[in-house]
Number of protein chains: 2
Amino acid sequence: MNTDSIFVFKINLNVMRKKEGNKEEDILKAATEVFAQSGFYDAKISKIAEMANVSIGSIYVYYKNKNDILNKIFEKIWGSLYNNLDSLFKRSDLSMVEKYDAMIDMIFDSFTENSATAIVIANEQQRLLLRNKDSFTEYYDKFVGLGEEIVREGIKKKVFNPNIDVNIFRHFLLGAFRDLITSWAIVPEEFPLNLVRRNIKFLSKYGLLNHNQE
Amino acid sequence: MNTDSIFVFKINLNVMRKKEGNKEEDILKAATEVFAQSGFYDAKISKIAEMANVSIGSIYVYYKNKNDILNKIFEKIWGSLYNNLDSLFKRSDLSMVEKYDAMIDMIFDSFTENSATAIVIANEQQRLLLRNKDSFTEYYDKFVGLGEEIVREGIKKKVFNPNIDVNIFRHFLLGAFRDLITSWAIVPEEFPLNLVRRNIKFLSKYGLLNHNQE
DNA sequence: ACGAATATTGAATCGGTGTTCAAAATTAGT
DNA sequence: ACTAATTTTGAACACCGATTCAATATTCGT
């Protein structure tokens with residue numbers, strides 16, 4: 001046969017059937033809901049398939065196994081958060097405090113727009129980090145690294161308190177965040193978003209004490 | 001037979017064989033370690049039995065099932081924390097800020113003395129609260145209630161900032177706590193206890209901003 | 001030392017679910 | 001319409017570990 005490799009490649013392209021719809025995404029969405037609802041271990045693959053309008057078998061076409069789905073959920077959310085924070089980080093028109101507030105807003109918006117994802121993070125991430133320290137999405141580390149950088153710059157510019165340990169601060173903030181977002185996701189009426197957002201910003205910057213006292 | 005009930009009772013008491021050792025406690029301790037190590041779902045009953053030097057069957061004499069063991073772990077730690085906080089709460093010789101600091105110390109000491117328990121709480125409590133809202137140990141609610149009371153009193157005395165939502169604050173603090181204690185439990189060398197304790201107190205009271213700036 | 005009550009044991013059971021894979025369905029080019 | 005490649009399907013498989021329970025061991029009063 002006189003076909004050169006370029007020609008063959010063209011044929012392959014044409015013959016390649018496009019998967020219509022977006023099963024891969026549908027599955028991820030459905031899985032996020034089911035994981036949030038039942039927790040990873042009690043979540044049934046059959047339930048995910050049902051919610052995604054997909055057969056059980058299809059799930060294993062797009063994902064290696066149940067764990068792989070969970071990993072992809074983290075990959076997606078932290079990847080997106082990292083990219084957003086990166087853009088924010090590069091802006092030179094903002095003061096450090098403005099950058100800090102914008103960062104809080106960013107995380108806040110992302111989690112409230114994806115409340116099921118927020119719940120999954122709150123429930124499963126700690127355990128995953130504890131065990132799969134290495135295989136956990138690198139976006140998370142990158143994201144955290146950027147956040148720390150912002151605080152460090154603020155300290156250098158004497159806007160933030162130099163006695164604060166940056167690493168401890170980020171755990172402090174993220175831990176608080178996780179708890180509050182979950183509380184909101186569970187009983188939204190008890191945790192009005194605006195109030196939560198305002199309190200996170202205020203508490204992390206000014207703390208509990210009444211400075212106007214006397 | 002002419003035995004009155006008191007006599008029968010006496011007989012029962014005498015005949016009742018005392019379980020020597022403290023298998024019940026041994027099992028709870030072993031389970032805490034295994035849950036911390038592997039997470040609740042990956043923890044094997046056989047492993048717990050092995051660590052407790054007890055047969056598999058014995059576990060089911062003292063506990064109804066795997067879940068029951070987990071519940072008892074929470075019952076124990078929150079019960080103890082509640083009792084301690086209650087004593088603290090009643091002291092009239094302390095200022096509000098002193099009470100607040102003492103509360104932090106109390107939680108801190110309790111978790112650092114029981115690091116496996118701290119990890120279990122960090123990994124499993126959120127999920128349990130989410131699903132078994134009602135059946136979760138009442139000591140937790142009581143404990144949290146007392147904590148809120150302390151903050152509320154502080155606000156009344158104008159020591160704490162009145163603009164802070166008490167409910168939100170407690171989630172803020174406990175969430176931050178959980179994250180930091182876990183981080184310490186995982187890599188103690190990166191989170192020296194004194195530093196973490198000082199930062200939690202400082203951040204929750206004064207926040208990130210540099211007030212001495214100028 | 002004996003017997004009755006209690007405690008301990010761990011092999012076998014049993015239910016449940018993640019995963020596989022051979023068969024069926026769909027697509028697109030000719 | 002026919003073919004070949006690709007995608008979808010879901011019943012069946014395989015495994016695993018929580019739980020059970022009949023048998024054994026231990027304790028203690030007499």
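It should be emphasised that the depicted structure is a prediction, and the values quoted were computed from it without experimental measurement.
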Quick one: ring-ring contact (aromatic ring centres under 6.0 Å, His included) partners of A:F169, sequence neighbours excluded?
none

Within this structure, what is the CD-to-P distance between B:E50 and D:dG17, rounded to whole angstrom?
14 Å

Rounded to whole angstroms, how far apart are CG on B:N22 and P on C:dA7?
15 Å

Atom CD1 of A:I27 and atom P of D:dT7 are separated, to the nearest Å, by 13 Å

In whole Å, I'd like the distance from the CD1 atom of B:I59 to the C1' atom of C:dA7.
15 Å

In whole angstrom, what separates B:I69's CD1 from D:dA18's C1'?
11 Å

Is B:S55 close enough to C:dT8 that one of its side-chain N or O atoms is under 4.0 Å from OP1 or OP2 there?
no

Below 3.5 Å, can you tabulate the donor-acceptor pairs from side chains in residues 175-186 of chain B to any protein atom, sequence neighbours excluded?
from   : atom 1 : to     : atom 2 : distance (Å)
B:R178 : NH1    : B:Q126 : OE1    : 2.7
B:D179 : OD2    : A:H171 : ND1    : 3.0
B:T182 : OG1    : A:Q126 : NE2    : 3.4
B:T182 : OG1    : B:R178 : O      : 2.5
B:S183 : OG     : A:H171 : ND1    : 3.1
B:S183 : OG     : B:D179 : O      : 2.8

Qualifying ring pair (Phe, Tyr, Trp, His ring centres under 6.0 Å) pairs, either residue in residues 118-138 of chain A, two or more places apart:
A:F74-A:F136, A:F136-A:Y140

Could you tell me which residues satisfy salt bridge (charged side-chain N to carboxylate O under 4.0 Å, His left out) with A:E124, sequence neighbours excluded, listed by chain and number?
A:R127

Do NZ/NE/NH1/NH2 and the carboxylate oxygens of B:D86 and B:K142 come within less than 4.0 Å?
no

Polar atom pairs between nucleotides 17-21 of chain C and protein, under 3.5 Å, N or O only, would you list them?
from   : atom 1 : to    : atom 2 : distance (Å)
C:dT17 : OP1    : A:K44 : NZ     : 3.2
C:dG18 : OP1    : A:A43 : O      : 3.3
C:dG18 : OP1    : A:K66 : NZ     : 3.4
C:dG18 : OP2    : A:I45 : N      : 2.8
C:dT19 : OP2    : A:Y60 : OH     : 2.8
C:dT19 : OP2    : A:K66 : N      : 2.9
C:dT19 : O5'    : A:Y60 : OH     : 3.4

May I ask you to evaluate whether B:Y62 reaches the phosphate of C:dT8, defined as a side-chain N or O under 4.0 Å from OP1 or OP2?
yes

For residues 111-118 of chain A, run the donor-acceptor check on the side chains, cut-off 3.5 Å, and write out each pair with its distance to 0.1 Å, sequence neighbours left out.
from   : atom 1 : to     : atom 2 : distance (Å)
A:T112 : OG1    : A:F108 : O      : 3.0
A:T112 : OG1    : A:D109 : O      : 3.1
A:N114 : ND2    : A:S110 : O      : 2.6

Nearest whole angstrom, please: distance from the C1' of D:dT8 to the CD of A:E24.
15 Å

Between D:dA18 atom C1' and B:L70 atom CG, what is the distance in whole Å?
15 Å

